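Reading through the structure tokens given below for one structure.
This one's a predicted model, so the numbers in the text were calculated from it and none came from an experiment.
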Amino acid sequence: MPEPENIHDPANANQTAAVRNWADILAIADAIPTPLLVVGRDGGISFFNAAWLRLTGRPLAGELGRGWLSGVHEEEREATDEAFGQAVQRREALDVEFRILCADGEHRWMHAQGVPLYSPAGDLAGVVGSCVDVSDRRRLQEENDRYFQDLEEAKQRAETAASELIIQAEELALARNVAQKATQTKSIFLANMSHEMRNSMNGILGMTTLLLDTTLTDDQRQYVEAMHESARHLVTELNDLLELSKIEEGQIAMRAEPFSPREVANSLVLLFGPEAERKGLHLTTEVDWRVPAIVIGDEPRLRQVLTNLLSNAIKYTEQGEIRFAVRSKGTTAQRSLIQFEVKDTGVGISEEKQRTLFEAWRPEHLETERRFQGSGLGLSLTWQLIARMMGKIWVESQPSQGSSFHIVLPFTAPSEEQVTEYHSSRRAAHSGVIAGSSGDTLRVLLAEDSRVGQLLVTRLLEKWGHDCSVVASGVDAIEAARRNEWDLILMDVQMPEMDGWTATRAIRKLPGPAGQVRILALTAFAMEEDRRKCLEAGMNGYLSKPIAPKELKTALDGLIAERRAA
């Protein structure tokens with residue numbers, strides 16, 4: 001290696017005497033563990049110490065001049081060469097980082113720093129510098145950069161996701177509002193349609209009931225019975241439609257009251273016995289002795305689903321028998337599982353139709369339903385009610401070989417207190433019916449604007465020996481309540497001038513007995529909120545239209561029993 005020019009800073013010229021010869025300088029440089037280099041005036045390297053050679057692993061001859069640049073990574077090679085050249089040309093400090101291929105076969109990051117060298121005369125001799133391996137620092141820096149870049153990307157993704165969620169939430173809120181408005185519109189439509197249809201059915205069923213109690217020829221009786229049955233079927237379909245709507249809207253509440261499964265089974269057989277007998281069918285019942293005497297559950301809903309199954313069994317069976325069985329599937333101190341089975345010898349159901357049997361309005365149901373009169377709503381309602389009662393339902397059937405419907409429902413075991421209350425209420429109800437069988441006369445005010453409704457109720461009340469006066473509006477009902485004493489007011493809720501709810505609230509404000517009179521609503525509105533509205537207005541109860549004569553007479557007999565006991 002050629003000996004460089006005198007290496008002295010002009011400000012420290014007197015230090016030259018301390019360095020005896022160039023060999024001493026080389027020895028000192030080689031002893032330093034840090035890579036050292038000297039850049040000549042032409043920008044090439046004129047000196048490397050031993051530490052540099054150990055790091056790179058290449059022979060000295062190949063490194064001098066610009067040879068060492070071949071080991072610099074191509075991405076930094078041009079910038080590094082330029083930095084070394086500018087340090088010499090501009091006589092300024094050197095500060096550059098670059099990667100160089102080392103003996104281990106890897107490119108390592110080097111941080112080179114240097115200062116200009118001057119001769120005793122003040123001329124630039126070159127640049128002397130040192131290199132530090134900063135690979136670990138650069139690696140950490142790159143990892144940090146990647147980390148923060150990942151964080152930034154994650155932040156951007158989160159912000160994008162949040163924006164999308166906000167948009168989705170807004171869309172869902174909009175869809176929910178639209179659905180709620182649609183549901184509300186449907187509910188209003190169903191309520192109004194139900195009201196109009198029930199008013200009409202009230203007249204048809206009531207008049208045919210009265211007509212059947214008169215002297216008719218055989219042909220006339222057959223026609224009236226057909227008319228009555230068709231109207232009753234229409235009311236059943238309407239009830240099923242409203243019930244399904246209430247379930248879909250979450251408006252249905254399940255009861256938990258004590259009842260007797262055995263009594264339910266026996267009463268249903270008594271109810272459907274005459275209908276089965278008219279078709280020449282044999283209806284039998286079997287109740288397992290292990291079935292608990294009393295359980296806690298929703299008796300009205302159970303009756304509803306069993307009524308639907310028994311009605312279908314009779315409707316779809318032309319000859320043979322209907323078997324109704326109630327069996328215990330296991331009882332503990334807290335819970336009972338009870339299975340109900342309705343088996344017929346009717347038309348049967350194909351395997352394909354069984355898969356969609358409990359769905360409403362399926363096209364494949366239409367052929368069968370047209371033949372036997374029905375919409376298919378009953379089984380869909382049955383399935384949903386059983387699901388709400390935490391039970392299950394299934395069918396076993398083959399075409400032309402009958403069907404067997406099975407229901408398994410869980411019931412809670414009653415406490416001793418509940419058993420006692422149940423028996424007490426049953427005794428009270430039974431004594432009330434007996435007491436009401438006498439000919440006691442009630443003074444009844446009927447507030448009803450429909451002429452057909454007026455005729456129906458007055459004829460029924462007269463038939464049972466009661467006095468009935470009629471008004472056609474809520475305003476007239478208030479005036480009649482103020483002027484006269486009544487045992488009962490039958491109040492239609494939908495009347496001109498003033499509805500029944502408003503009239504009831506006004507009557508309740510009257511002084512003395514007039515404000516305490518018993519008021520029963522006559523309502524064609526069948527939604528739960530309408531019934532609740534009747535009670536909140538101050539009514540003592542309600543009777544749904546079409547009015548069932550049996551229910552009206554039960555209410556009147558109960559009032560007679562209360563009056564007798566007072």
Side-chain angles (χ1 to χ4, degrees), residues 183-203 206 235 238-239 242-243 245-246 249 251-253 442-458 460-461 468-548 551-552 554-556 558-559:
T183 300
Q184 185 179 12
T185 301
K186 183 184 75 172
S187 297
I188 295 172
F189 172 77
L190 286 175
N192 290 335
M193 289 299 298
S194 168
H195 177 264
E196 296 303 320
M197 293 177 69
R198 284 176 181 276
N199 269 330
S200 300
M201 289 299 101
N202 183 51
V235 171
L238 177 61
N239 289 338
L242 290 174
E243 196 80 351
S245 176
K246 287 189 285 186
E249 296 170 18
Q251 295 180 355
I252 187 170
L442 296 175
R443 297 189 69 236
V444 181
L445 174 65
L446 172 64
E448 167 70 78
D449 65 308
S450 167
R451 293 180 60 188
V452 175
Q454 292 173 356
L455 179 62
L456 169 62
V457 176
T458 53
L460 288 174
L461 293 178
C468 181
S469 296
V470 179
V471 294
S473 72
V475 174
D476 293 338
I478 297 170
E479 186 61 26
R482 180 185 291 110
R483 291 176 177 273
N484 301 290
E485 231 178 89
W486 306 97
D487 296 309
L488 175 67
I489 296 178
L490 295 175
M491 182 78 74
D492 185 23
V493 298
Q494 195 75 11
M495 293 182 290
E497 294 187 68
M498 181 184 292
D499 61 52
W501 298 305
T502 305
T504 297
R505 283 190 287 268
I507 291 172
R508 289 297 179 231
K509 294 178 181 178
L510 295 177
Q516 304 299 319
V517 64
R518 179 69 62 89
I519 302 176
L520 291 181
L522 300 180
T523 175
F525 289 112
M527 305 300 276
E528 187 62 32
E529 60 268 23
D530 298 312
R531 297 180 178 183
R532 188 164 53 248
K533 190 175 179 180
C534 292
L535 300 179
E536 290 173 352
M539 296 176 177
N540 300 96
Y542 51 83
L543 295 172
S544 295
K545 293 182 180 180
I547 296 172
E551 291 182 5
L552 178 57
T554 299
L556 297 173
L559 181 56

| task | Might you point out which heavy atoms bring Ala472 and Gln454 nearest each other, and give the distance in Å? | result | CB-NE2, 4.1 Å
| query | Between Val493 and Met539, is any pair of side-chain heavy atoms under 4.5 Å apart? | reply | yes
| Which heavy atom of Ala514 sits nearest a heavy atom of Ala481, and at what distance? | CB-O, 3.5 Å
| Looking only at atom types and distance, does a side-chain atom of Glu448 sit under 3.5 Å from a main-chain N or O of Val470, one as donor and one as acceptor? | no
| Ignoring hydrogens and geometry, is there a side-chain-to-backbone donor-acceptor pair from Trp486 to Ser469 under 3.5 Å? | no
| field | Nearest-0.5 Å distance, CG of residue Asp449 to CD of residue Glu497 | value | 10.5 Å
| CG-CG distance between Leu520 and Leu552, expressed to the nearest 0.5 angstrom | 8.5 Å
| message | I need the Met491 CE to Leu522 CG distance, nearest 0.5 Å. | response | 9.5 Å
| task | Can you measure from OG1 (Thr504) to CD1 (Ile519) and round to the nearest 0.5 angstrom? | result | 4.5 Å
| query | Under 3.5 Å, is there a donor-acceptor pair between the side chain of Asp487 and the main chain of Arg443? | reply | yes
| note | In Ile507, Leu445, Leu510, Asn540, the residue satisfying side chain to side chain contact (heavy atoms under 4.5 Å, CB included) with Val517 is Ile507
| query | What is the distance from atom CD of Glu479 to atom CG of Asn484, rounded to the nearest 0.5 Å? | reply | 9.5 Å
| Once you round to the nearest 0.5 Å, how far does CD1 of Ile478 lie from OG1 of Thr502? | 8.0 Å
| task | Apply side chain to side chain contact (heavy atoms under 4.5 Å, CB included) to Gln516 and list each qualifying residue two or more places apart in sequence or on a separate chain. | result | none
| query | Less than 4.5 Å apart, any side-chain heavy atom of Leu556 and any of Leu461? | reply | yes
| message | Does anything in residues 505-522 form a salt bridge (Lys or Arg N to Asp or Glu O under 4.0 Å)? List the pairs, not counting sequence neighbours. | response | Arg518-Glu562
